[in-house]
Amino acid sequence: MMNWFYDFSKWTLWLFFRFGHGLEVHGLQHVPKRGGFVLASNHVSYLDPPVLGAACPRRLAFMARESLFRHPLLGAFMRGVHVIPLRRGEADLGAIREATARLRAGLAVAIFPEGTRQLSGRLGHAKRGVGLLAASAQVPIVPVLVRGTFEAFPPDASSLRRAKIRVAFGAPIPYTTASVSSPSRHQQLGDAVTQAWQRLDEERERSHIP
């Protein structure tokens, strides 16, 4: 794998977001130093994937819709950082198998379990797919909350705006957290992710962080 390209991209993005948007990262102690895990993030902006890539100390494999790979430059970049192509609108078993294989190999896979960007900027609800992936690979889920990307690049924007960006990692959720069998078990894990996002948001508000 072209780890040098990922590391160079991560360093470049970190500089961009740190000095351009005052990037702050909290809860790094919750990110496992080794072993596979699913990073489950809320999603409000196209900036979320590069921000997470810059903020997370571990290399991340993202999943992105297959059509994006048709763009020459973007497609080349995504291949260089090992993005997993995903067919939208259907159950892409090939992408799920690839993500599961990477998790079992000790790698980290980042997903947006709300299913799509939340155009209102508010938190949505994590769907059962995050639970399915974690349970299949038998790895924990690390919830992460991203704030400020909606203000920096909202859905109707044609260029970046000045806004502070913050990333907060939460405590890992074991895949054994759910108490019933699938598919209800998978949705229970999704609900646990939603609740973790809400707690992270409440902690941010209690700390008077904008």
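All residue numbers in this chain count up from 1 along the given sequence.
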* Quick check: does any side chain N or O of Thr194 sit under 3.5 Å from a backbone N or O of His125, one acting as donor and the other as acceptor? -> no
* Asked: Phe77 vs Phe5 aromatic rings, parallel, tilted or perpendicular, using cut-offs 30° and 60°?
  -> perpendicular
* For Val139, the option from Leu133, Leu103, Val109 that meets side chain to side chain contact (heavy atoms under 4.5 Å, CB included) -> Leu103
* **Atom of Pro140, atom of Pro172 and distance for their closest heavy-atom approach** => CB-CB, 4.2 Å
* Determine yes or no for a side-chain-to-main-chain donor-acceptor pair under 3.5 angstrom, with Glu114 supplying the side chain and Gly124 the backbone. => yes
* To do: Please work out whether the ring planes of Phe19 and Trp14 are parallel, tilted or perpendicular, with thresholds of 30° and 60°.
  => perpendicular
* Structure fact -> Those residues at least two apart in sequence (or on a different chain) that pass ring pair (Phe, Tyr, Trp, His ring centres under 6.0 Å) with Phe150 are none
* Structure fact -> Nearest heavy-atom approach of Phe112 to Asn42 is CD2-O, 3.5 Å
* Run the numbers on Leu47 and Val146 for side-chain contact (heavy atoms from CB on, under 4.5 Å), then give the verdict. => CA-CA 10 Å; Leu47 288 182; Val146 179; over 6 Å; no
* To do: Would you give the length of the straight line joining atom CZ of Phe37 to atom CG of Leu107, rounded to the nearest 0.5 angstrom?
  => 10.0 Å
* Is it true that Asp48 and Arg117 have a side-chain N and a carboxylate O under 4.0 angstrom from each other? -> no
* To do: Would you please test Leu123 and Gln118 for side-chain contact (heavy atoms from CB on, under 4.5 Å) and show each step?
  => CA-CA 7 Å; Leu123 286 175; Gln118 302 302 296; over 6 Å; no
* Asked: In Å and rounded to the nearest 0.5 Å, what is the CG to CD distance from Leu200 to Glu202?
  -> 9.5 Å
* Validation row: His26, Leu145 side chains within 4.5 angstrom (heavy atoms) -> no
* **Between CD1 on residue Ile141 and OH on residue Tyr175, distance to nearest 0.5 Å** => 11.5 Å
* If Ile, Leu, Val, Met, Phe, Trp and Tyr residues are connected whenever their side-chain heavy atoms lie under 4.5 Å apart, and connections chain through other members, are Tyr46 and Val81 in the same group? -> yes
* Please report the closest heavy-atom contact between Pro113 and Ser41, naming both atoms and the distance. => CD-O, 3.4 Å
* Asked: Ile165, Leu39: one ILVMFWY side-chain cluster at the under-4.5 Å cut-off?
  -> yes
* Under the side chain to side chain donor-acceptor pair (under 3.5 Å) criterion, do Gln187 and Asp191 qualify, and how do the steps go? -> CA-CA 6 Å; Gln187 187 55 61; Asp191 293 342; 3.0 Å; yes
* **Counterpart residues, side chain to side chain contact (heavy atoms under 4.5 Å, CB included), relative to Leu132 (two or more places apart)** => Ser136, His186
* Approximate separation, where rounding is to 0.5 Å, of Arg166 CZ and Arg204 CZ -> 8.0 Å
* Are Val44 and Val130 grouped together when hydrophobic residues (ILVMFWY) are joined by side-chain heavy atoms under 4.5 angstrom apart? -> no
* Can you name the residues that form a ring pair (Phe, Tyr, Trp, His ring centres under 6.0 Å) with Phe16, not counting sequence neighbours? -> His21
* To do: Sequence neighbours left out, what pairs pass side-chain hydrogen bond (donor to acceptor under 3.5 Å, both in side chains) with at least one residue falling in residues 30-40?
  => none
* Asked: Between Arg199 and Glu203, is the closest basic N to carboxylate O distance under 4.0 Å?
  -> no
* To do: Give a yes or no answer on whether the side chain of Arg162 reaches the backbone of Gly20 with a donor-acceptor pair at less than 3.5 Å.
  => yes
* Co-membership, hydrophobic cluster, residues Val144 and Leu13, 4.5 Å side-chain -> yes
* Where Lys127 and Gly115 come nearest, the two heavy atoms and their spacing -> NZ-CA, 4.5 Å
* **Residues Trp197, Asp201; criterion side-chain contact (heavy atoms from CB on, under 4.5 Å); working and verdict** => CA-CA 6 Å; Trp197 289 339; Asp201 214 23; over 6 Å; no
* **Separation between CD1 of Ile84 and CD of Glu66, rounded to the nearest 0.5 Å** => 13.0 Å
* Check Gly121 against Arg147 and note the closest heavy-atom contact, atom names and distance. => O-NH1, 3.2 Å
* Structure fact -> Those residues at least two apart in sequence (or on a different chain) that pass side chain to side chain contact (heavy atoms under 4.5 Å, CB included) with Arg161 are Pro154, Asp156, Ala157
Contacts under 3.5 angstrom, residues 49-59 side chains, donor-acceptor by atom type, not counting sequence neighbours:
unit_1 : atom_1 : unit_2 : atom_2 : d
Arg58  : NH1    : Pro32  : O      : 2.8
Arg58  : NH1    : Gly35  : O      : 3.3
Arg58  : NH2    : Gly35  : O      : 2.9
Arg58  : NH2    : Gly106 : O      : 3.0
Arg59  : NE     : Asp7   : OD1    : 3.1
Arg59  : NH2    : Asp7   : OD1    : 3.4
Arg59  : NH2    : Asp7   : OD2    : 2.8

* Asked: Is there a path of hydrophobic side-chain contacts, each under 4.5 Å between heavy atoms of I, L, V, M, F, W or Y residues, that connects Trp4 with Leu60?
  -> yes
* Should Trp11 and Leu15 be marked as a side-chain contact (heavy atoms from CB on, under 4.5 Å) after you check the CA-CA gap, both sets of side-chain angles, and the distance that decides it? -> CA-CA 6 Å; Trp11 177 77; Leu15 289 176; 3.4 Å; yes
* Reported CG-to-CD distance for the pair Leu86 and Glu98, which is rounded to 0.5 angstrom -> 12.0 Å
